**Student:** 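Structure incoming, see below.
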Amino acid sequence: MKKTLMVFALLGFLGMTLSAVSALAADKDEWMKGREWARGTLLNPNSTKMVDTSKYKKKPPYVFGFSNAGITNCWTNFMQRQAQAEAEAHPDLIKAMYVTDAQGKADKQINDIEDLLVKGIDILLIRAVSEAGLDPVISRLHKKGFPVVTISKGIKSDNYVCFVAASNYSMGRMQVVWLAEMLKGKGNIAVLAGWAGAGSVVERETGGYEALARYPGIKILDRQYTQYSPSIGKKVMQAMIQSYGKKIDGVWCDSGCQGQGAIEALHEAGMKVPITGDPTNGFLKRVQQWDYEACAPGYPVTMGADAVNIGLSILQGNSVPFRFNAARMVLAKPSTQDVIADIAWEKAAEMDKPDAWFPDHTLPEKWLPK
Amino acid sequence: MTTVKFLFEKYGIYIFLGFLFIFSSLISPAFLTVQNIKNILTPAAALGIVSIGQTMVILTGGGGLDLSVASVMATVAVIVARNTAGQDSMLLPVGLFCLLFGVLVGLVNGLLITKRKVQPFIATLGVMIVVQGLRFVYTGGAPKGSFPPILRFMGTGSVGPVPTSVISLAVLMALATIVLNKTVFGRQIYATGGNINTARLSGYNTNLIITLVYAISGFTAAIAGLYLAGWIGVADNWVGAGYEIDSIAAAVMGGASFAGGRGGIFGTIAGVLILVILYNLVLLLHLPIHIQFLVKGVAIILAVSFYVRRVAR
């Protein structure tokens, strides 16, 4: 009996080592290939509500409309390019995709949508400026039988065909669970969040705090909002270091935007503590360069491409999930018990690429920002 | 009693700065440490540098102010990141180009205001937006490149206990003070601000003076952009965001009036120090960061109303 157990244990250990080794050996591009739906769907704890789209069926070629809330940060820029590249990759199905930029204004976005409709689009992909502000016009479209796909930021109601995003709740949970497991359930953390009140920040915080409740030994020393700015991230981290010094055992940033600044403040202070963020390249590079322990669950820019593919499915009358979870890459250095890296950090960080870059993109050369 | 009143009016801001320093040291044990002061001063030098140019603009009166400075700072940052690609050897030529860029933007502001008679608020706001648009076209929304080690040292390093950025600020302060107080040009600036018609009648080319002053503002904004970029180290599209309001607030607190003709560099720098100490205090006291906006707004309102009362008397 003992011998059998030992054999199984050894096999299990071998299996784990092999998968760990293969994970480390795997290339980023290899990982990205073909991950359009499985990962997001597999981990969905609920039944996947599917939407019957037969009423939207049309003959190709299609004209797509893409209304972006704004491209003032590099994430939205990449996401839009992913959508544009994907549209271009289906020339037989997609005749054209018109893209508008609402520059962060809800009323402009409403005008943009009307402009797109006049141009004769068959489907609208939209990243809304505000959930409440765009709800009336989107709901009206939906009720008239016009297909709408929301990306990253939804609308208040359920009046659309599909919402393409990645769960902010689980992102926050991953960051907190990783930190807690790194600290073995005991320690003090500093929290640097993005924009106060922004949907993604609220959701990441909610998920994170849910997780935190399971680790009573982890205390929050201080929490501050940083407008996703590396400059404010650095100043806030410096002030926290001045206030708490070595008491800080770990740092929870919901994004690498402020994480880039925070890690520099830690580095200048000679403090090597575990820190979380997202795969903003500037964050990945600095972690790699200064050899920090870090975790970065992705908020994939590829959801732009996913939205286009969902749009195609809708117009071809194939049913789509009501909520599509984009496949996210999880980076962790080191992996902990429950938060396990998909690929090695040094494979993901692109040291020769800019800070404002997302290594988990699948853009062809032509569509990369020049 | 009148001596005290006089002292307070002339040196009020420095007295306030002194009290603030003492108050901060008492209320937060983390404040009065070498490291914290260094943390505050290192990026604050960039604000000080841009405020020097802003002060000179406000001194020329007629509602003069420069809202385009933050946009210039951010554009300089992305230009340097992309064109030096992290190489020290490229810093000098690219840096010089950035200074030239700042001067050009300032000239555009100056010409709009003097030749086309556009209100400074509108002119510089428009230029700010145009420069922002150019920046987004240039970067495509995703800034490229990285900063050379020399620039990072300029932005974050120290010579002994003194941050290098503060040394540069000190040099620029000295230069600006000499220009304003010891040169004909300085006299002309004050004269233009004091009474533009009298200045003209005295034979001063006020259009040239005003245009040059905006060019100087663009120049100091470019320098400030370089230092702040070196401090952050991330080629972000929003380097220096908010510095146009901060620099105006500092100048106004320092005694510069929008009516022109009054104010000086030292007062402005005292204003800069007051602002950055207050911002730091907000963080050290663990108050929500949004309180910093309240601080900024209240500082401007109090400063303007205090000085308006002074003039009215």
Side-chain angles (χ1 to χ4, degrees), chain A residues 70-78 80-81 101 103 192-193 196-197 221-245 256-261 264-265 267-269 280-283 285-286 351-358 368-370, chain B residues 28-40 42-44 46 74 77-78 81-82 85-86 132-133 135-136 138-147 152 156-157 228-229 231-243 276 279-290 292:
Chain A
I71 50 164
T72 52
N73 70 58
C74 54
W75 187 90
T76 53
N77 195 316
F78 267 78
Q80 183 174 300
R81 284 165 186 270
D101 174 1
Q103 293 162 8
L192 276 76
L221 282 175
D222 200 357
R223 181 184 83 177
Q224 199 51 281
Y225 291 100
T226 61
Q227 296 177 24
Y228 285 135
S229 153
S231 166
I232 297 181
K234 185 169 174 177
K235 287 191 184 144
V236 165
M237 193 75 248
Q238 280 179 335
M240 287 185 183
I241 292 171
Q242 286 311 300
S243 300
Y244 302 107
C257 289
Q258 71 271 34
Q260 296 169 104
E264 180 150 315
H267 178 67
E268 281 177 2
T280 302
N281 200 33
F283 180 68
K285 276 161 54 177
R286 282 162 175 76
M351 303 304 286
D352 57 331
K353 289 283 187 295
D355 292 333
W357 191 267
F358 289 90
L368 289 170
K370 293 286 169 287
Chain B
S28 171
F31 178 78
L32 196 58
T33 61
V34 171
Q35 188 58 50
N36 189 52
I37 302 296
K38 246 175 148 180
N39 285 345
I40 299 175
T42 309
V78 303
R82 182 160 173 167
Q132 182 177 306
R135 181 167 75 249
F136 275 96
Y138 182 63
T139 62
K144 263 161 225 57
S146 57
F147 299 114
R152 298 250 43 212
T156 59
L228 198 58
W231 181 79
I232 304 179
V234 175
D236 186 44
N237 258 314
W238 302 107
V239 169
Y243 274 40
V276 297
Y279 292 160
N280 181 249
L281 211 51
V282 166
L283 294 178
L284 290 182
L285 295 176
H286 318 302
L287 298 170
I289 199 167
H290 317 104
Q292 290 181 347

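Quantities reported herein were computed from a predicted structural model and do not represent experimental measurements. Per chain, numbering begins at 1; letters A, B, ... match sequence-line order. Keep in mind that the numbers below use all heavy atoms, side chains included, and drop hydrogens, waters and symmetry copies.
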**Student:** When rounded to the nearest 0.5 angstrom, what is the spacing between OG in A:Ser243 and CG in B:Asn36?
**Tutor:** 8.0 Å

**Student:** Which bit of A:Asp352 is near chain B, if near means a heavy-atom gap under 4.5 Å: side chain, backbone, both or neither?
**Tutor:** neither

**Student:** Of the backbone (N, CA, C, O) and the side chain (C-beta and beyond), which part of B:Leu228 lies under 4.5 Å from a heavy atom of chain A, both, or neither?
**Tutor:** neither

**Student:** Taking all non-hydrogen atoms of both residues into account, name the closest pair between A:Ile71 and B:Phe136 and its distance.
**Tutor:** O-CE2, 4.1 Å

**Student:** Should B:Lys38 and A:Glu268 count as an ion pair when the cut-off is N to O under 4.0 Å?
**Tutor:** no

**Student:** Does any backbone or side-chain atom of A:Gln238 lie under 4.5 Å from a heavy atom of chain B? Answer side chain, backbone, both or neither.
**Tutor:** both

**Student:** Considering all heavy atoms of both residues, which atom of A:Pro354 and which atom of B:Pro143 are nearest to each other, and what is their separation?
**Tutor:** CB-O, 3.4 Å

**Student:** Write down the atom of B:Ile232, the atom of A:Pro230, and the distance for their closest heavy-atom approach.
**Tutor:** CG2-CB, 4.0 Å

**Student:** With a 4.5 angstrom heavy-atom cut-off, which part of B:Arg152 approaches chain A: side chain, backbone, both or neither?
**Tutor:** side chain

**Student:** Below 4.5 Å, heavy atoms only, C-beta onward: do A:Arg286 and B:Val234 meet side chain to side chain?
**Tutor:** yes

**Student:** Does any backbone or side-chain atom of B:Ser28 lie under 4.5 Å from a heavy atom of chain A? Answer side chain, backbone, both or neither.
**Tutor:** neither

**Student:** Given a strict heavy-atom distance threshold of 4.5 Å, which part of A:Gln260 is in contact with chain B: side chain, backbone, both, or neither?
**Tutor:** side chain

**Student:** Among A:Lys234, A:Arg81, A:Glu264, A:Gln80, which has the most heavy-atom pairs under 4.5 Å with chain B?
**Tutor:** A:Lys234

**Student:** Using heavy-atom distances under 4.5 Å, tell me whether A:Arg223 contacts chain B through its side chain, its backbone, both, or neither.
**Tutor:** neither

**Student:** What part of B:Ser146 lies closer than 4.5 angstrom to a heavy atom of chain A: side chain, backbone, both or neither?
**Tutor:** neither

**Student:** Using non-hydrogen atoms only, which part of A:Ile241 is less than 4.5 Å away from chain B: side chain, backbone, both, or neither?
**Tutor:** neither

**Student:** Can you name the nearest heavy-atom pair linking B:Lys144 to A:Pro369, along with the distance?
**Tutor:** CE-O, 3.0 Å

**Student:** Does any heavy atom of chain A fall under 4.5 Å from the side chain of B:Pro29, the backbone, both, or neither of them?
**Tutor:** neither

**Student:** Would you check if the side chain of A:Gln224 reaches a backbone N or O of B:Leu283 as a donor-acceptor pair within less than 3.5 Å?
**Tutor:** no

**Student:** Is it the backbone or the side chain of B:Asn39 that comes under 4.5 Å from a heavy atom of chain A, or both, or neither?
**Tutor:** both

**Student:** Quick check on A:Lys353 against chain B: is it the side chain, the backbone, both or neither that has a heavy atom closer than 4.5 Å?
**Tutor:** neither

